[in-house]
Each structure stands twice: as structure tokens, then as C-alpha cells.
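I have placed the structure first, in the form of C-alpha cells, so that the comments after it can refer back to it.
Throughout, a chain's letter reflects where its sequence line sits, starting with A, and its residues are numbered from 1. These values consider heavy atoms only, across backbone and side chains, with no hydrogens, waters or symmetry-generated copies.
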Amino acid sequence: MTFRIHNTLTKSLEDFRALHDHGAVTFYSCGPTVYDDAHIGNFRSFLNADLLRRALELHGYTVKHVMNITDVGHMTEDDAADGGGEDKMAVAGRRIAEAKKSGRLPAGAEIDASNPYAVADFYADRFLEDARHLGLKVAIEERVHPELMPRPTRCVPQMIALVEQLVAGGFAYVAKDGVVYFSVQSFPAYGRLSGNTLEHLREGEGGRISAEHQAVKRHPADFMLWKPDPTHLMRWPSPWGDGYPGWHLECSAMAKMLLGEEIDLHSGGEDNIFPHHECEVAQSCCASGRPHFARVWFHTRHLQVEGEKMSKSKGNFFTARDLFSKGVTPAALRLELVRTHYRTNSNFTMQGLRDCQRMIDRWAAARVALVERAASVSPNAAQDGPMQRALVEFKDAVGDDLNLARAMAALNTAIGETAAGDAKAELAALDAMNSVLGVFERNEALASAANDDLAAKVEVLLERRKAARVAKDWAESDRVRDELTVLGVRIKDGPQGTTWERAV
RNA sequence: GGUCGCGUACCCAAGUGGCCUAAGGGAACGGAUUGCAAAUCCGUGAUUCGUGGGUUCGACUCCCACCGCGACCUCCA
């Protein structure tokens with residue numbers, strides 16, 4: 001079965017062909033920066049990368065997936081190329097210090113806000129926690145294989161080596177200001193990925209390049225590889241003086257270190273196409289002498305919230321943990337973030353989250369029924385049942401440029417059909433579909449102190465309602481139910497008694 | 001100014017030249033069930049695919065223009 005995927009580099013759908021016949025598919029994803037909590041837009045990109053990886057695995061590939069955690073504090077303004085503004089890690093430290101003072105620091109957080117490494121570790125740990133809840137496989141693997149989620153502050157020697165190699169090869173130069181720049185004119189293919197060729201790049205159109213820095217560069221698009229700055233918050237010794245690496249450098253260096261000079265897949269958000277990935281290509285290809293860095297570039301479009309651009313000022317800015325604390329299950333959030341095709345803008349809504357939860361609950365109920373059937377009915381391999389038939393379509397859909405909507409439709413259709421086929425094989429087929437969806441393992445709201453308080457309250461009310469119902473005191477019973485509704489709790493009466501959940 | 005993606009029912013969304021008088025899910029509505037609800041189960045939904053032209057025997061699907069939304073052009077997933 002072929003696996004088709006859209007490649008930003010060629011702007012077309014391609015049949016995926018692994019670089020190597022044997023061994024794993026090599027996949028590098030641009031991960032989070034850790035000077036704040038990752039928001040759901042970040043997670044849409046990371047989860048789509050995870051979906052791609054899982055889809056490849058369903059198609060029989062072994063995937064070595066690496067995702068970096070950027071713990072170098074980049075600058076707040078205009079810094080990528082030139083290094084102006086303030087270090088974001090310093091801003092984060094100050095924010096934590098303020099939170100500490102006002103008592104808003106999250107429980108159990110003992111951190112030295114003046115230490116940028118501690119700030120980075122604090123947010124990195126929170127990211128990993130969120131990512132594991134959401135089923136990001138690479139974050140789950142990281143517990144056993146920490147090298148799969150490398151951090152640039154621990155790979156500075158590799159970055160310096162890469163810069164040395166580029167300088168020696170004539171692809172980079174030290175300018176009058178002591179900064180090492182990559183020379184875009186030394187790489188004729190510059191612009192191939194993004195379409196921003198040197199002719200198309202109009203000087204200053206983005207309005208963020210200061211004339212002062214431009215003056216020392218050979219070409220306005222030349223970007224920084226190493227900036228000497230003895231006063232910088234995070235700095236390392238180098239042949240060009242104490243300073244810090246340019247922000248495109250880490251991905252090239254770490255991908256090479258962990259996956260090799262040429263890799264199968266590279267992913268990121270659409271905003272990474274230019275300049276970040278364009279610059280990575282330039283660095284990596286010039287250093288390796290190969291025509292390609294990544295064979296396939298995979299980019300996820302941005303997420304909107306309730307039809308608007310997500311922003312803190314509009315109040316529609318969500319982190320994963322914000323939603324978890326409202327009782328949203330990781331499964332529902334995961335599905336809401338990946339169900340819209342990765343190459344279209346998706347619109348995150350609370351209603352969408354509820355839709356996903358309904359769908360997941362129906363799948364989960366079908367699984368429970370299958371487990372029961374597998375335990376009670378003797379094997380019967382006469383014919384494939386609905387799940388086995390759905391799996392064929394599911395696999396094909398997922399291998400068609402990650403057409404998850406079509407894949408889910410196949411599963412939904414199967415769920416509406418009468419159970420048939422060998423129950424164990426049917427269960428295996430359903431679980432194979434879930435190996436891509438990744439929802440069954442995380443379809444529970446997360447526990448928190450606030451939830452525990454609520455649970456205690458709810459238990460008391462449920463007992464009271466039960467007593468009223470036994471006494472056929474319907475007025476009291478309904479009153480208690482209204483009280484629960486006010487608390488944001490939805491109850492379900494079933495044969496095994498009453499269950500409840502927080503309304504989302 | 002340049003480069004690029006998208007626009008299908010109330011919402012999410014598949015379909016990219018005839019099988020489309022357009023999948024699937026949610027919401028809504030009707031029915032079963034229930035003390036009444038919720039949950040569950042059954043049923044109902046676009047003669048139409050942003051707008052206007054064109055190509056074609058035939059267009060949601062190709063081309064052109066326009067409108068709208070979004071991304072990038074050195075912070076950004």
C-alpha cells in the first residue's frame with residue numbers, strides 16, 4: 001500500500017519512499033521553545049507530526065522521531081538575524097519571579113527564577129507532561145531515550161563544529177562586528193523551499209532588520225550563526241569569543257548528530273518554512289555537500305480559536321493545561337487538534353471539543369462491547385467483520401496524505417454496523433486504528449486538586465439524590481440534579497448506578 | 001508590493017472531471033427508553049458546493065476575474 005504525503009519542497013503530493021531500505025525512517029520535528037507553556041496551536045503542529053509518525057508505523061515503517069526542546073533564550077525582537085532585544089529566558093525568569101511574589105506560582109514549583117537553565121527546565125518539564133498526556137509518542141519515549149528530545153544548551157560543541165565547518169568551506173564569514181554570518185549567496189538553492197529566493201526577498205519588507213546590522217553583512221539575507229556577546233545571559237566559549245548560537249543552527253546540528261546528514265522527514269509549523277527551515281537547508285546542505293537535507297518537508301498550518309486568530313489580548317489563548325483543568329480529556333483535545341487536515345487552517349472551538357468527546361465515547365463503548373464479545377464467543381474466522389473491513393479503508397485514508405476525516409468516517413461506519421467476524425481479530429483491528437488516533441489510553445479527565453474538591457461535593461449530592469429517588473421524592477431528586485448542573489456536572493444514570501463528568 | 005494556502009448544510013468535515021439529486025461526526029428536530037431528564041438506540045438534513053464568467057457532451061472538481069479568510073517576506077507551531 002502506498003503512502004502519499006505532501007512535500008512543501010516540491011509543493012506536491014508524493015509517494016513516500018524511505019531513504020534507506022533497511023532501518024528506521026528518520027524524522028526531525030521542530031519542537032517547543034521553553035520560556036512559557038506551549039499553547040494548543042503549538043500542540044496542533046506537534047500532534048500532526050505525531051500523527052504522521054503513527055500513520056507511517058501503521059503502514060509498517062519503523063520511525064526514529066526526534067523533537068528538539070529549545071532551551072536557548074532567543075531574543076524578544078529582531079534577533080534571529082541580528083541579536084537585538086532582550087533574552088526571552090530572562091523575560092520568563094522575571095515573570096516567574098513576579099508570580100512567586102504574588103503567590104501565583106504553580107504548586108510544588110521551587111525554582112530559581114534568576115537561573116535561565118532552571119527556568120528552561122521548569123517549562124520543559126511542564127511541556128513533557130502535557131505532551132505525554134496528549135499522546136505525543138516521542139515525549140513518551142523520551143523517558144527511556146532522552147536523546148530523542150535534545151536540548152541545544154547541551155549540544156553547543158556540535159553547533160560550534162558546524163559553524164567551523166561552514167567557515168572553512170567558505171559558506172560563512174566573520175563580519176566587522178565579530179558576528180559569524182552565513183552567506184546566502186554561497187548557496188544557490190537558497191529560497192527553494194519557501195519560494196523566497198534572493199530576487200524575491202525585498203530588503204526590509206518585513207520591517208524588522210535594522211540598518212546598523214545590515215551594514216556589516218555581505219547580503220541582507222545573510223543570517224547569524226554565532227554572536228559573540230560576553231554580557232549575554234546564556235553564553236559559551238567559542239573560537240569567535242564567548243557568546244551564543246544563531247537560532248537556525250540548533251536544528252541542523254542536532255539533526256545531523258542524531259539522524260545523519262540527510263533525513264527522510266522534517267516537520268514544523270507553517271511559519272517555520274521561512275526563514276527557519278530555509279536557513280536550516282542552507283546550513284546543512286553546505287556542510288554536508290549533499291543536495292538535500294530533508295527529503296520531505298511537512299508543515300502544519302495555523303490554528304484559529306472560535307474563528308479568530310489566537311491571542312492573549314482576545315482572551316482566546318489556551319494552553320493544554322488550561323483545558324485539562326476545565327475537565328477536558330486529553331483524548332478529546334488530541335482529536336480536536338488533529339482532525340482537521342494539517343494543510344488547512346483549523347478552527348478550534350469548545351463545541352468541536354464536545355463533538356470529539358462524543359465520537360471517542362462511542363468508539364470506546366464499541367471497544368468495551370468487543371472485549372466482552374471476545375471473552376464470551378469462541379473464535380470464528382469465517383469472515384472479516386466490520387472493524388477489519390474498516391481498517392483497510394482507514395489505513396488507505398491515513399496513507400493518503402493523512403486523510404484522517406476519511407479514516408474516521410470508516411471507523412464510524414463500522415461502529416454503526418452489527419458486530420460480526422472473529423471478535424479477537426475485530427478488537428485487534430480497532431486497536432490498530434487507535435494506534436493512529438491515540439485516544440483510548442487517554443479518555444479520562446485528569447485529576448487535580450480542584451477536581452478532588454468537586455468530586456467530594458458531587459459524591460455527597462449523588463448520595464442525596466439516590467436516597468430521594470428511592471423514596472420517590474422526585475422534587476428533591478430534581479433539585480439535587482439542578483444543583484449538580486450549576487456545579488458544571490453532567491450525570492448519567494446507568495444500570496451500574498450513576499456516573500458523572502464535568503461539562504465542557 | 002511579492003510568494004503561498006483555503007472558502008462544501010447551523011458547526012466540524014470528505015469528495016478534486018461522469019458512481020455527487022455530495023461521505024462521516026456534532027448540533028437541532030421527531031420517535032423509542034426514562035418518574036422527568038441526561039446517556040443510549042431509531043429516523044429526518046445541502047437539487048447544491050464563496051460570487052460571476054469560461055473550457056467541456058458533462059464541473060464541487062479545470063481556467064480567468066472578483067469577494068472573503070489565513071500564512072510568510074528575518075519573534076512566532
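- The gap from the P atom of B:A28 to that of B:C60 amounts to 32 Å, rounded to the nearest Å.
- Looking at A:Asn345, its side chain has no donor and acceptor atom pair within 3.5 Å of the base of B:A71.
- To the nearest whole angstrom, the two P atoms, one in B:U56 and one in B:G15, are 28 Å apart.
- The phosphate of B:U40 has OP1 or OP2 within less than 4.0 Å of a side-chain N or O from A:Arg358.
- Side-chain nitrogen and oxygen atoms of A:Arg362 include at least one within less than 4.0 Å of the OP1 or OP2 phosphate oxygen of B:G26.
- Contact annotation: A:Asn42 reaches the phosphate of B:A77 (side-chain N/O to OP1 or OP2, under 4.0 Å).
- Comparing the same atom, C1', in B:G24 and in B:A9 gives a spacing of 14 Å after rounding to whole Å.
- Nucleotides B:C73 and B:A65 place their C1' atoms 26 Å apart, quoted to the nearest Å.
- Between B:C19 and B:G52, the distance separating the two P atoms is 23 Å to the nearest Å.
- With both ends at atom C1', the span from B:G68 to B:U8 equals 15 Å, rounded to whole Å.
- Looking at A:Arg406 and A:Asp396, a side-chain N of the basic residue comes within less than 4.0 Å of a carboxylate O on the acidic one, giving a salt bridge.
- Residue-nucleotide stacking is present for A:His302 and B:A77, judged by a side-chain ring centre under 5.5 Å from the six-membered base ring centre and planes under 30° apart.
- With both ends at atom C1', the span from B:A38 to B:A27 equals 16 Å, rounded to whole Å.
- For the pair A:Arg218 and A:Tyr173, the cation-pi test (distance below 6.0 Å, angle within 45°) is passed.
- One donor-acceptor pair, N or O on each side, does fall under 3.5 Å between the base of B:G25 and the side chain of A:Asp355.
- A:Thr349 has no side-chain polar atom (N or O) that falls below the 4.0 Å cut-off from OP1 or OP2 of B:C11.
- Residue side chain A:Arg490 does not reach the base of B:A38 through any donor-acceptor N/O pair under 3.5 Å, judged by distance alone.
- Remark: the separation of the P atoms in B:G50 and B:G45 is 22 Å, to the nearest Å.
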So A:Arg354 and A:Gln351, side-chain hydrogen bond (donor to acceptor under 3.5 Å, both in side chains) or not? Walk me through it. CA-CA 5 Å; A:Arg354 275 175 236 129; A:Gln351 183 58 51; 2.7 Å; yes
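- When distances are taken from the side chain of A:Arg469 to each of B:G35, B:C4, B:G2, the shortest belongs to B:G35.
- Side-chain proximity of A:Ala409 to the nucleotides B:C73, B:C36, B:G24 is greatest for B:G24.
- Between the CD atom of A:Gln304 and the C1' atom of B:G68 there is a distance of 12 Å, given to the nearest Å.
- Positionally, the nearest nucleotide of RNA chain B for A:Trp474 lies more toward the 5' end than for the other of A:Ile491 and A:Trp474.
- For a distance-only test at 3.5 Å, the side chain of A:Ser477 qualifies as a donor-acceptor partner of the base of B:G35.
- Counting only N and O atoms by type, the side chains of A:Glu14 and A:Asn7 include a donor and acceptor under 3.5 Å apart.
- Taking atom CD of residue A:Gln357 and atom C1' of nucleotide B:C12, one finds them 16 Å apart after rounding to whole Å.
- Residues A:Lys492 and A:Arg343 each lie close to RNA chain B; by heavy-atom proximity, the contact nearer the 5' end of the strand is made by A:Arg343.
- Among the protein residues, A:Asp493 comes within range of the nucleic acid bases, having at least one heavy atom under 4.0 Å from a base atom.
- Applying the 4.0 Å criterion to OP1 and OP2 of B:G15, one finds that A:Asn403 has a side-chain N or O inside that range.
- With both pairing distances under 3.5 Å, B:G1 is matched to B:C73 as a Watson-Crick or G-U wobble pair.
- The nucleotide B:A27 finds no pairing partner, because no Watson-Crick or G-U wobble arrangement with both distances shorter than 3.5 Å includes it.
- When the side-chain nitrogen and oxygen atoms of A:Lys309 are compared with OP1 and OP2 of B:A71, one or more of them lie within a distance under 4.0 Å.
- If you check B:A37, B:C72, B:C12 against the side chain of A:Asp271, the one that comes closest is B:C72.
- The ring-ring contact (aromatic ring centres under 6.0 Å, His included) check on A:Phe3 picks up A:His59, with sequence neighbours excluded.
- Ring pair A:His266/A:Tyr28 is tilted by interplanar angle, where 30° to 60° counts as tilted.
- For B:C36, the base has a donor-acceptor partner in the side chain of A:Arg481 [N/O atoms by modelled type, under 3.5 angstrom].
- In this structure, the side chains of A:Val184 and A:Leu198 come closer than 4.5 Å at one or more pairs of heavy atoms.
- Within the nucleic acid shown, A:His276 has no heavy atom closer than 4.0 Å to any nucleic acid atom.
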